[in-house]
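The figures here come from the full heavy-atom set of this structure, side chains too, leaving out hydrogens, waters and symmetry mates. Note that this is a predicted model, so its numbers are computed, not measured.
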Amino acid sequence: TIPNACFADCLGYHENQRELGSCNGEDPCDSSPCPSGKKCVPYRHVCLSEDGNAVSNCPQYTCETVLTCEGSLIGPVCDKNNNQHSGLCEILFTKEEIDYKGYCQLDCFASRRSSVCGVNGETYASRCHADEVGVAVDYIGDCNDVPAGPVGCEHIKCPGMPYFHQDEICGGPTPPGACCQQCGGMLRTIVDKNGLERSRKAMGTNSVDSYTIIKRMRHLIDILECQLFGYVTLDGTITFLLLPVNSSSYFNVQACNIETSRLSTLINNRSPILASDPFLFFLIAAEPSSAHKMPITTTIINSDSFEPSGCNRRVVPYTILLIFSVVTVILWTIN
């Protein structure tokens, strides 16, 4: 999703290549685009062309059959009644509708979930819907329609950053186009446009799939405690986030920082691991950023809660007690 028409003009998208509204605003399967005998499965992603920009003709669904479901989307699937299925084939030709790919979570059930804004500026029905396409959550609620910056983010309430100790809090990078800090490592990568075009031709496709890039990068992660997310920014670069499963553990945060640096080294040194991968060899440069400890007195911009849980409740009684003591001493002195 591009914030407004001015951005679209600057990026070279003509009026016949864009539509008003969010790319995630409608269910791609509502129009029944698949032929008889095939079932439509939503597949949110960005199609990258040889110039590094998103392709306007980029179907957000796949048409699956019994023959194709075995290898296309392996893994658990949750239906709209919050029932768990072992895989796509199990649910494909039942009356149940797919809600999201992944294990069912109670806070993602339709009656309990809250919409979230992804770091890519897209609104998702829940954090589970963002997770299934590899996008990290920026904040709770629908995305603001103003680009990130002093104007666009000033009214956003960011999730509170985790605490490591009573006097230390996590501080981290803010992804491009997002509003809130992330407690983990960030890797901004530059895409070689010629390499992207060679990859497209080698694959025999009209574009390169962004989600496939994220999945291939996940294969390079050596630490199970780190989750990799990614998205394509408006300037055509690709940003990856390595976030700890347990963000309240500084050891886990440090592990993700180290893993971010390792991936950056692989890309900048043109490692054979990446050079031999048709979906990754066009990543030619990377700039890492790390999470860190901050003293509790440091101001966290846009944070939903800065004081530790219960701090305000403790300060008030002690303040009242102090005032009462001072007044008592003054009265005793006068008498």
Side-chain angles (χ1 to χ4, degrees), residues 1-5 8 13-48 54-70 72-85 87-105 107-135 137-138 140-145 205-207 209-212 214-215 231-232:
T1 300
I2 300 173
N4 53 51
Y13 293 106
H14 303 293
E15 290 189 6
N16 62 346
Q17 295 177 306
R18 62 198 193 205
E19 296 179 5
L20 186 64
S22 170
C23 295
N24 241 7
E26 298 180 356
D27 188 337
C29 293
D30 278 348
S31 60
S32 301
C34 295
S36 177
K38 294 186 177 182
K39 191 166 187 176
C40 180
V41 177
Y43 181 62
R44 303 288 188 181
H45 63 291
V46 175
C47 300
L48 291 173
V55 178
S56 56
N57 183 22
C58 181
Q60 299 295 294
Y61 62 88
T62 60
C63 296
E64 303 291 346
T65 66
V66 174
L67 297 177
T68 61
C69 70
E70 286 288 349
S72 59
L73 297 170
I74 299 175
V77 177
C78 188
D79 67 32
K80 292 189 176 181
N81 290 318
N82 209 43
N83 296 318
Q84 186 74 50
H85 301 267
L88 179 64
C89 289
E90 183 182 316
I91 191 178
L92 194 57
F93 293 104
T94 67
K95 293 182 180 180
E96 301 291 346
E97 294 184 39
I98 298 173
D99 196 8
Y100 54 87
K101 294 182 284 294
Y103 292 103
C104 291
Q105 305 289 331
D107 63 330
C108 296
F109 188 39
S111 61
R112 298 186 181 186
R113 66 191 179 204
S114 299
S115 61
V116 299
C117 181
V119 292
N120 60 348
E122 295 284 358
T123 299
Y124 297 91
S126 72
R127 65 173 182 83
C128 297
H129 292 80
D131 284 347
E132 74 165 334
V133 291
V135 175
V137 173
D138 192 19
I140 306 299
D142 292 354
C143 291
N144 199 1
D145 59 357
T205 59
N206 294 326
S207 60
D209 179 9
S210 63
Y211 187 50
T212 301
I214 296 171
K215 289 189 291 185
Y231 68 104
V232 180

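- For Tyr100, the ring pair (Phe, Tyr, Trp, His ring centres under 6.0 Å) criterion is met by His129, not counting sequence neighbours.
- Asp99 has its side chain within reach of Arg113: a pair of non-hydrogen atoms, C-beta onward, lies under 4.5 Å apart.
- When every heavy atom of Phe109 is checked against every heavy atom of Asn81, the shortest pair comes out as CE1-C, 3.7 Å.
- Considering every non-hydrogen atom in both Val77 and Gly87, the closest pair reads CG2-C, 3.8 Å.
- Under the rule for a side-chain hydrogen bond (donor to acceptor under 3.5 Å, both in side chains), the partners of Asp142 that lie at least two apart in sequence or sit in another chain are Ser115.
- Closest approach of Pro28 to Ser31, counting heavy atoms only: O-OG, 4.0 Å.
- The SG atoms of Cys143 and Cys117 lie less than 2.5 Å from each other.
- Here the side chains of Asp79 and His85 are in contact, with some heavy-atom distance below 4.5 Å.
- Nearest heavy-atom pair, Val116 versus Ala130, reported as atom, atom and distance to 0.1 Å: CG2-CB, 4.4 Å.
- For Asp30, there are no side-chain hydrogen bond (donor to acceptor under 3.5 Å, both in side chains) partners at least two apart in sequence or on another chain.
- A disulfide is assigned to Cys104 and Cys78, since their SG atoms are nearer than 2.5 Å.
- Contact between Cys63 and Lys38 at its shortest, heavy atoms only, is CB-CD, 3.9 Å.
- Listed here is the closest heavy atom pair of Gly118 and Val135: CA-CG1, 3.9 Å.
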